[in-house]
Amino acid sequence: KYLVYHDKVKTSKVYVKDGTVLGSYALLLFGGEISVRHEQHKVLVDDWIVFDAAAKVGVLIKEFRAEIDRLLMRKVENPEESLYEGQGRKVIDTIVSLLDREQTDTVL
């Protein structure tokens, strides 16, 4: 689990504002830039959050993120268009499935 926040303030103590806890899938799908270190079997988010994963997994994540970005750009360009049709449905269903699975696995 990861804590993401909007603001951190230090007075007599350190306070975090507008924070939420995220799982690994949410961070990988919606976080910063993904890079893959093939030889080391590592996937990095913003070059400092490190996940142990096969290079193939890292490449798949990067490709899926590119598909999410294309889908979001399509929505920005055509706000009236439903994304929940065709390829968009598959992308959205996959996101929901991954996030739901991670949440279920955490609860158990």
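Source: prediction; values computed, not measured.
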State, with a plain yes or no, whether a side-chain heavy atom of [X] is found less than 4.5 Å away from one of [Y].
X	Y	value
Leu71	Arg74	yes
Lys42	Val36	no
Phe51	Leu27	yes

Over all atoms of both residues, closest heavy-atom pair of [X] and [Y]:
X	Y	answer
Ala26	Glu102	N-OE1, 4.0 Å
Arg65	Ile34	NH1-CG1, 3.2 Å
Val91	Phe64	O-CZ, 3.8 Å
Leu3	Val16	CD2-CG1, 4.4 Å
Ala53	Val43	CB-CG2, 3.8 Å

Assess whether a salt bridge exists between Glu67 and Arg70, defined as any Lys/Arg side-chain N lying under 4.0 Å from an Asp/Glu carboxylate O.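 Counted as a salt bridge, because a side-chain N and a carboxylate O are separated by less than 4.0 Å.
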Rounded distance [0.5 Å steps], [atom1] in [X] versus [atom2] in [Y]:
X	Y	atom1	atom2	answer
Glu81	Glu85	CD	CD	7.5 Å
Leu60	Leu28	CG	CG	12.0 Å
Leu99	Leu29	CG	CG	6.0 Å
Lys90	Ile95	NZ	CD1	14.5 Å

(Q) How about NZ on Lys56, more than 12 heavy atoms from neighbouring residues, nucleotides or ligands closer than 6.0 Å, or not? (A)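 Open.
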Query raised in the report: Counting only heavy atoms not in Tyr84, do more than 12 sit closer than 6.0 Å to its OH atom?
Result: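 Correct, the count exceeds 12.
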message = Using side-chain contact (heavy atoms from CB on, under 4.5 Å), reason through Leu22 and Lys1 one step at a time and then give a plain yes or no.
response = CA-CA 6 Å; Leu22 294 180; Lys1 297 277 182 184; over 6 Å; no
Do Ile61 and Phe30 share a hydrophobic cluster, counting only Ile, Leu, Val, Met, Phe, Trp and Tyr and linking them when any side-chain heavy atoms are less than 4.5 Å apart?
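No, because Ile61 and Phe30 fall into different hydrophobic clusters, even though each may have its own neighbours under 4.5 Å.
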Under 4.5 Å between side-chain heavy atoms, counting indirect links through other Ile/Leu/Val/Met/Phe/Trp/Tyr residues: same cluster for Val96 and Leu98 or not?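 The answer is yes; both residues are in one hydrophobic cluster.
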Would you check if the side chain of Lys62 reaches a backbone N or O of Ser35 as a donor-acceptor pair within less than 3.5 Å?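 Looks like no, no N/O pair under 3.5 Å.
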Report task. May I ask you to decide if Glu33's main-chain N or O and Asp46's side chain share a donor-acceptor pair within less than 3.5 Å? Result ->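 The answer is yes, because a donor-acceptor pair under 3.5 Å joins these two groups.
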Note to self: Would you say Tyr15 and Asp7 are linked by a side-chain donor-acceptor pair, where the criterion is simply a distance under 3.5 Å?
What the structure shows: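 Checked: Asp7/Tyr15 side chains show no N/O donor-acceptor pair below 3.5 Å.
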**OP:** Applying side chain to side chain contact (heavy atoms under 4.5 Å, CB included) between Tyr2 and each of Val45, Val21, Ile49, report the one that passes.
**Re:**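 When side chain to side chain contact (heavy atoms under 4.5 Å, CB included) is applied between Tyr2 and each of Val45, Val21, Ile49, only Ile49 qualifies.
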